[in-house]
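Below is one structure; the comments refer to it alone.
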There are 2 protein chains.
Amino acid sequence: MTDSLPPIQTTARDDAVLKALAGFVRQEALGPGEKLPTERILAERLKVSRNTVREALTRWEGLGLVERRQGSGTYLKAAVSPDMLHMPLTLAGGNDFAGLMRTLEIRRALEAEAAALCAIRAGKAEIAEIEHKLDIMEEAFHTRAGMSSEEDWEFHQSVYRASGNPLFEQIISAMHELFHRFWEHPLGVRDFGHASFPYHRTIFDCIAAHDPEGARGEALKLIATVEDDLKRGAANLKLLDRK
Amino acid sequence: MTDSLPPIQTTARDDAVLKALAGFVRQEALGPGEKLPTERILAERLKVSRNTVREALTRWEGLGLVERRQGSGTYLKAAVSPDMLHMPLTLAGGNDFAGLMRTLEIRRALEAEAAALCAIRAGKAEIAEIEHKLDIMEEAFHTRAGMSSEEDWEFHQSVYRASGNPLFEQIISAMHELFHRFWEHPLGVRDFGHASFPYHRTIFDCIAAHDPEGARGEALKLIATVEDDLKRGAANLKLLDRK
DNA sequence: GTGCAGAAATTGGTTGGACCATTGAACCAC
DNA sequence: GTGGTTCAATGGTCCAACCAATTTCTGCAC
């Protein structure tokens, strides 16, 4: 009977500050890298204490929307808009082998779906862009005789973008960043990712042919090679432990 | 040559506070719902200003780890551990129909994978738990003659848990929460989700039979019905706009 | 004019103290 | 019990100052 009686909103200074700031960013058409007003100016203009401004900015900083540089200023790190929604995820204990495999299971599901959607929706321009990234990656592979994680990542990103759903890039990018922050040289496996090389071309072929199920299948094969590399690395690690 | 020389950490008071607090939580074995020390006590014990404590807690609050109630105290909202990783996602413009469809594309990929993994990994106890939730849901469906989002959600969660990968539940739960915060009564469609009812049983049957591909297929069918409902709702909305 | 070192201004980070608003418990009258 | 009242505890906000890193300006040497 007393449903639909949510608690009323009594005070929300920080939220109000962020709302005003988001409006300001849109009005001034500020983009990533540009500088925000200083905390003191914001406090004065918004008629709130500098502490309140700082709490609000701390929120945005925690969400990765903004970067503060002491002595310099506060800078936008991503596009912000007044109507954005936040979805913070915390991964408990993600920095071990099991955690890595768990993120890979998520990536397998998303990677396959993104490739399939891309095969359906990519237009001529998107396909040309993906092929361009693929050429760069293959060139780097042959000259340096090995996978280059930088060019490899660029290729995958272009696929996510062409999927028509920016969430794929956002979620996988966030996991990719975590992945590399803790596993820069994964488990000491040389030629890590080497086996995944040929599937980049086959994925592209399926996308260019607008064959979603084919693209999904090739993407799954690619992820499978990464999983194998990871397991090999884990075996190496156990070997080292015994020594 | 000068790689792997990250800038030294000159100041990081808030991070240090959070680290200490995470250690405290683990030592005291505090769980969700339990109360943290007051800001004043933390400031005194950690030998930092109360403002610094507040900035640190603001971070955790933004990540949804903690809830602050004025006049009462600060309470844990989720399990925290010293080794957790954060992955904040922001969805630009997620509160319209297109945004809803985008989240559903992500959910389709994850739901299918979770169902398949569940069919592989679920043991007898997990299968019994899922069947229990399914019985409750079907009971509610028949007595109230309609889908109950509460019991429906419980069923799906039990599947995610049995997948053996907590990330599925975390990510889908976060999207589910956003979904419901802005679409409590989605688009005025009566009997929303009605068509999805039979697939809950078929998904369970495949899981119980340890048939991953079957479970994946049934999960995809279920999501397809939700997409149809959503499109019907969008059509209704356009009709209303014309009036 | 150019280049560079040091001074000065700017900006985020931190501190301490004060007061306000809300909460919850204890207490009291009915 | 039910409904007020009081009061201490707690988070929310504010202010004023100072610290630390960065940027900008200034003036001198050449």
Side-chain angles (χ1 to χ4, degrees), chain A residues 2 5-22 24-25 28 30 32-78 80, chain B residues 5-21 24-25 28 30 32-78 80:
Chain A
T2 54
L5 275 180
I8 64 172
Q9 209 65 343
T10 156
T11 54
R13 298 286 262 218
D14 346 10
D15 278 346
V17 169
L18 288 184
K19 211 168 148 188
L21 201 50
F24 173 81
V25 168
E28 300 286 317
L30 297 181
E34 297 200 72
K35 189 175 170 184
L36 293 177
T38 72
E39 298 178 349
R40 288 173 174 83
I41 291 185
L42 285 175
E44 184 191 349
R45 294 284 197 283
L46 297 173
K47 293 292 179 197
V48 297
S49 140
R50 200 181 138 214
N51 266 345
T52 306
V53 172
R54 282 187 60 76
E55 291 227 357
L57 287 177
T58 299
R59 274 190 160 67
W60 270 13
E61 191 186 24
L63 262 36
L65 296 177
V66 114
E67 179 181 354
R68 294 150 106 173
R69 289 206 281 271
Q70 183 173 169
S72 177
T74 304
Y75 301 83
L76 276 178
K77 235 171 102 181
V80 307
Chain B
L5 276 180
I8 62 171
Q9 214 62 341
T10 152
T11 54
R13 301 288 262 216
D14 337 9
D15 279 346
V17 169
L18 288 184
K19 211 167 148 187
L21 200 51
F24 174 82
V25 167
E28 300 287 318
L30 296 182
E34 299 200 71
K35 188 174 170 183
L36 293 177
T38 73
E39 298 177 348
R40 288 173 174 86
I41 291 184
L42 285 175
E44 182 191 351
R45 293 285 197 283
L46 298 172
K47 294 292 179 197
V48 296
S49 140
R50 196 181 144 214
N51 268 338
T52 305
V53 172
R54 282 188 59 77
E55 292 230 353
L57 287 178
T58 299
R59 275 192 159 67
W60 271 13
E61 191 187 23
L63 262 37
L65 296 177
V66 113
E67 179 180 354
R68 292 148 93 160
R69 290 205 281 271
Q70 184 175 169
S72 177
T74 304
Y75 300 83
L76 277 177
K77 232 171 106 180
V80 308

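Proteins come first, then strands; the chains are lettered A, B, ... in the order of their sequence lines, and each starts at number 1. Note that the structure is predicted; figures quoted are calculated from it, not measured.
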To the nearest Å, how far apart are E44(B) CD and dG16(C) P? 11 Å
Taken to the nearest whole Å, CG/L57(B) to C1'/dG12(D) is 13 Å
Selected nucleotide, minimal atom distance to N51(A) side chain, candidates dC14(D), dG12(C), dT14(C): dC14(D)
Scan R50(B) against the nucleic acid and name what it touches under 4.0 Å (heavy atoms): base, sugar-phosphate only, or nothing. base
Using only modelled atom types and a 3.5 angstrom limit, is any donor from either the side chain of D14(A) or the base of dG12(D) paired with an acceptor on the other? no
Does this structure show an ion pair linking E67(A) with K77(A), if we count only N-O contacts that are shorter than 4.0 Å? no
Going through the checks in order, is the salt bridge (Lys or Arg N to Asp or Glu O under 4.0 Å) test met by E55(A) and R13(A)? CA-CA 10 Å; E55(A) 291 227 357; R13(A) 298 286 262 218; over 6 Å; no
Is the shortest heavy-atom distance from the side chain of V17(B) to the side chain of L42(B) under 4.5 Å? no
Compare side-chain N and O positions of S72(A) against OP1 and OP2 of dA21(D) and report whether any pair is under 4.0 Å apart. no
Is any side-chain nitrogen or oxygen of T74(A) closer than 4.0 Å to OP1 or OP2 of dT11(C)? no
Side-chain contact check for R54(B): nearest option of dC14(D), dG12(C), dG11(D) is dG11(D)
Choosing from dG12(C), dT15(C), dG12(D), which nucleotide comes nearest the side chain of S49(B)? dT15(C)
Taking for V48(B) and for K35(A) the nucleotide of DNA chain C with the nearest heavy atom, the one nearer the 5' end belongs to K35(A)
Specify the separation, in whole Å, of atom CD of E67(B) and atom C1' of dT23(C). 13 Å
Atom CD of Q70(B) and atom P of dT22(C) are separated, to the nearest Å, by 6 Å
Rounded to whole Å, please give me the gap between CZ in R69(A) and C1' in dT11(C). 12 Å
What's the CD-P distance between E55(B) and dG12(C), to the nearest Å? 12 Å
Taking donor-acceptor contacts at under 3.5 Å, does the side chain of R40(B) reach the base of dG11(D)? yes
Compute whether any side-chain donor of one residue and acceptor of the other, for S49(A) and R54(A), lie under 3.5 angstrom apart. no
Measure CG/L42(B) against P/dT15(C) and give the value in whole Å, please. 14 Å
CD of E39(B) versus P of dG12(D): gap in Å, rounded? 6 Å
Name the residue from L57(B), V66(B), L46(B) that meets the side-chain contact (heavy atoms from CB on, under 4.5 Å) definition with L21(B). L57(B)
